[in-house]
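Side chains are part of it too, since the values below use all heavy atoms of this structure and drop only hydrogens, waters and symmetry mates.
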Amino acid sequence: MKHKSIIIILSLIIPIVVALLYVTPKIVGFEIDFLPKLNATINGSVFFILVFAVKAIKNGNKNMHQKLIYLALVLSTIFLVSYVIHHATHNSVSYEGEGILRYLYYIILLSHIILSAIIIPLVLITLSRALKESFEYHKKIAKITFPIWLYVSATGVLVYLLISPYY
């Protein structure tokens, strides 16, 4: 199967599976309560790994850049599995903050959710272009992918910090 087919399939299936987590019955007896904290830690780690990956490539260290990006991809995959497990076994937690913080939380959450779906094909296309050694095109899309992936990672931590008092 070619990269394009894989990118299309994953870009459709992942958001659908995640969305279904909010409407399907929860699996009982398998609750792992540390997963939200783990997910925030993974998101924070990915944020810094991405920063170091960009610094590495700007310094001409392609090998380090590649290793860091692979690490970010592995951690993001672990995050996704952990996220699915958590939301398959736990009901959603409502944000109970008030005032401006409540509006800020929902703005951050909404942008995080939308960009989380958008980042999937962007990361996969960026990776595909690197694997095909189409570095000119890789660089062009990476300039779009990087800030969005960075934002999704950072807002993942922020959403956790804002909702964690209500767990």
For this session: Just grab all the side chain to side chain donor-acceptor pair (under 3.5 Å) pairs involving residues 53-80, residues at least two apart or on different chains.
Result: none
For this session: Would you check, one step at a time, whether the test side-chain contact (heavy atoms from CB on, under 4.5 Å) holds for Trp149 with Val46?
Result: CA-CA 9 Å; Trp149 198 359; Val46 168; 3.8 Å; yes
Problem set entry | Pair Asp33-His90, side-chain donor/acceptor within less than 3.5 Å | yes
Can you confirm whether [X] sits close enough to [Y] that some side-chain heavy atom of one is under 4.5 Å from a side-chain heavy atom of the other?
{"X": "Ile125", "Y": "Tyr137", "answer": "no"}
{"X": "Tyr95", "Y": "Leu162", "answer": "yes"}
{"X": "Tyr105", "Y": "Leu158", "answer": "no"}
{"X": "Asn43", "Y": "Phe47", "answer": "no"}

same_hphob_cluster([X], [Y]) at 4.5 Å side-chain heavy-atom cutoff:
{"X": "Leu50", "Y": "Ile144", "result": "yes"}
{"X": "Phe79", "Y": "Ile148", "result": "yes"}
{"X": "Val81", "Y": "Ile42", "result": "yes"}
{"X": "Ile85", "Y": "Ile14", "result": "yes"}
{"X": "Val93", "Y": "Ile107", "result": "no"}

Problem set entry | With sequence neighbours excluded, residues passing side-chain contact (heavy atoms from CB on, under 4.5 Å) with Leu104 | Leu101, Ile108
Problem set entry | Set of side-chain contact (heavy atoms from CB on, under 4.5 Å) partners for Val74, sequence neighbours left out | Ile78
Exercise. Given a cutoff of under 4.5 Å between side-chain heavy atoms of I, L, V, M, F, W and Y, with clusters grown through shared members, what are the other residues clustered with Val28?
Worked result: none
Exercise. Just by distance, do the side chain of His86 and the backbone of Pro36 share a donor-acceptor pair under 3.5 Å?
Worked result: no
For this session: Verify side-chain contact (heavy atoms from CB on, under 4.5 Å) between Leu73 and Val123, making sure each step is shown before the conclusion.
Result: CA-CA 9 Å; Leu73 288 166; Val123 166; 3.4 Å; yes
For this session: Scan Leu21, Leu35, Thr89 and name whichever one has a side chain to side chain contact (heavy atoms under 4.5 Å, CB included) with Val84.
Result: Leu21
For this session: Please indicate whether Phe135 has more than 12 foreign heavy atoms, meaning atoms of other residues, nucleotides or ligands, lying under 6.0 Å from its CZ.
Result: yes
For this session: Determine whether more than 12 heavy atoms belonging to other residues, nucleotides or ligands lie under 6.0 Å from atom NZ of Lys140.
Result: no
For this session: Please name all residues satisfying side-chain hydrogen bond (donor to acceptor under 3.5 Å, both in side chains) with Tyr151, sequence neighbours left out, ordered by chain then number.
Result: Ser111
Exercise. Which residue pairs pass the ring pair (Phe, Tyr, Trp, His ring centres under 6.0 Å) test when at least one of the two sits in residues 12-44, sequence neighbours left out?
Worked result: Tyr22-His87
